[in-house]
Amino acid sequence: MAATATAAPAVRTAPRGRAARIMLRTLQVVLGVFFAVASGVPKLIAHPTAVESFDKLGWGAPGMYTIGALELLGGVALLLPLLSSLAATAFIGLMVGAFIVTVTAFSGENAATPLVLIVPLAWIAWARREETTKLVTRLRA
C-alpha cells in the first residue's frame, strides 16, 4: 500500500476582502511616501530643523544622515511587496527608538507620533508576513 502525502493547506495572511486589500495597500503607499519624503528627505538635505534636532541630541550630521537614509530606504521598501513586512517591522523598532528619544531628549514633545505610527505598521507587518517567509526562502536558496 503506497503512502499518500497530504499537502498542507496554503496559509493566506493578507486580508481577504477587496476593500481590506485596497486599504492595506493604500496605507503602505501613504506610510512609504511619508517616511521617504516627509521624514527621510529633510534629514538627507540637512533641513535646518533636522540639523537642530540632531545637534541637540549630540548625534550631529552622521546620525541625521543615517536615520534619513534608513527612512528613505524603508519607505521605498514598504512599497515593494517582498520587503513590506520586513520594512514595517524595522520601522516599528525605529518608532520605539523615536519615542524613547522624544521622551528623554525632547521632554515628550510629539512623543505620541511614533506610538500612533506603530499601529498601522504592525498591521502591515502582520498582514504581509508571508512575504518575509518568501524572502527568507529565496535567500536560503
Do [X] and [Y] sit in the same hydrophobic cluster, where Ile, Leu, Val, Met, Phe, Trp and Tyr count as joined when their side-chain heavy atoms come under 4.5 Å apart?
X: Val76; Y: Leu24; result: no
X: Leu78; Y: Met23; result: yes
X: Val51; Y: Leu44; result: yes
X: Leu73; Y: Leu79; result: no
X: Leu31; Y: Leu80; result: no

Between atom [atom1] of [X] and atom [atom2] of [Y], what is the distance when rounded to the nearest 0.5 Å?
X: Ile45; Y: Met64; atom1: CD1; atom2: CE; result: 9.5 Å
X: Arg25; Y: Ile124; atom1: CZ; atom2: CD1; result: 9.5 Å
X: Thr133; Y: Arg138; atom1: OG1; atom2: CZ; result: 12.5 Å
X: Asn110; Y: Phe99; atom1: CG; atom2: CZ; result: 12.0 Å
X: Trp126; Y: Leu121; atom1: CH2; atom2: CG; result: 15.5 Å
X: Lys134; Y: Leu139; atom1: NZ; atom2: CG; result: 14.0 Å

Please determine whether side-chain contact (heavy atoms from CB on, under 4.5 Å) holds for the pair Ile118 and Leu115, giving the CA-CA distance in whole Å, both sets of side-chain angles, and the decisive distance to 0.1 Å. CA-CA 5 Å; Ile118 287 173; Leu115 293 180; 4.3 Å; yes

Closest non-hydrogen atom pair, [X] against [Y]:
X: Thr89; Y: Ala125; value: OG1-CB, 3.5 Å
X: Pro42; Y: Val37; value: CD-O, 3.2 Å
X: Gly60; Y: Asp55; value: CA-OD1, 3.7 Å

Judged by modelled atom types alone, do Glu131 and Ser84 share a side-chain donor-acceptor pair under 3.5 Å?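 The criterion, which ignores hydrogens and geometry beyond distance, is not satisfied for Ser84 and Glu131.
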
Give the C-alpha distance, both sets of side-chain angles, the deciding distance and a yes or no for side-chain contact (heavy atoms from CB on, under 4.5 Å) between Trp59 and Thr66. CA-CA 10 Å; Trp59 296 0; Thr66 300; over 6 Å; no

Evaluate Leu94 against Glu71 for side-chain contact (heavy atoms from CB on, under 4.5 Å), listing each step before the verdict. CA-CA 9 Å; Leu94 191 65; Glu71 289 176 336; 3.9 Å; yes

So, Arg140 side chain and Thr137 main chain: donor-acceptor pair closer than 3.5 Å or not?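 Side chain of Arg140 to backbone of Thr137: no pair is present.
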
Verdict with reasoning, Leu70 to Phe35, per side-chain contact (heavy atoms from CB on, under 4.5 Å): CA-CA 9 Å; Leu70 289 172; Phe35 280 114; over 6 Å; no

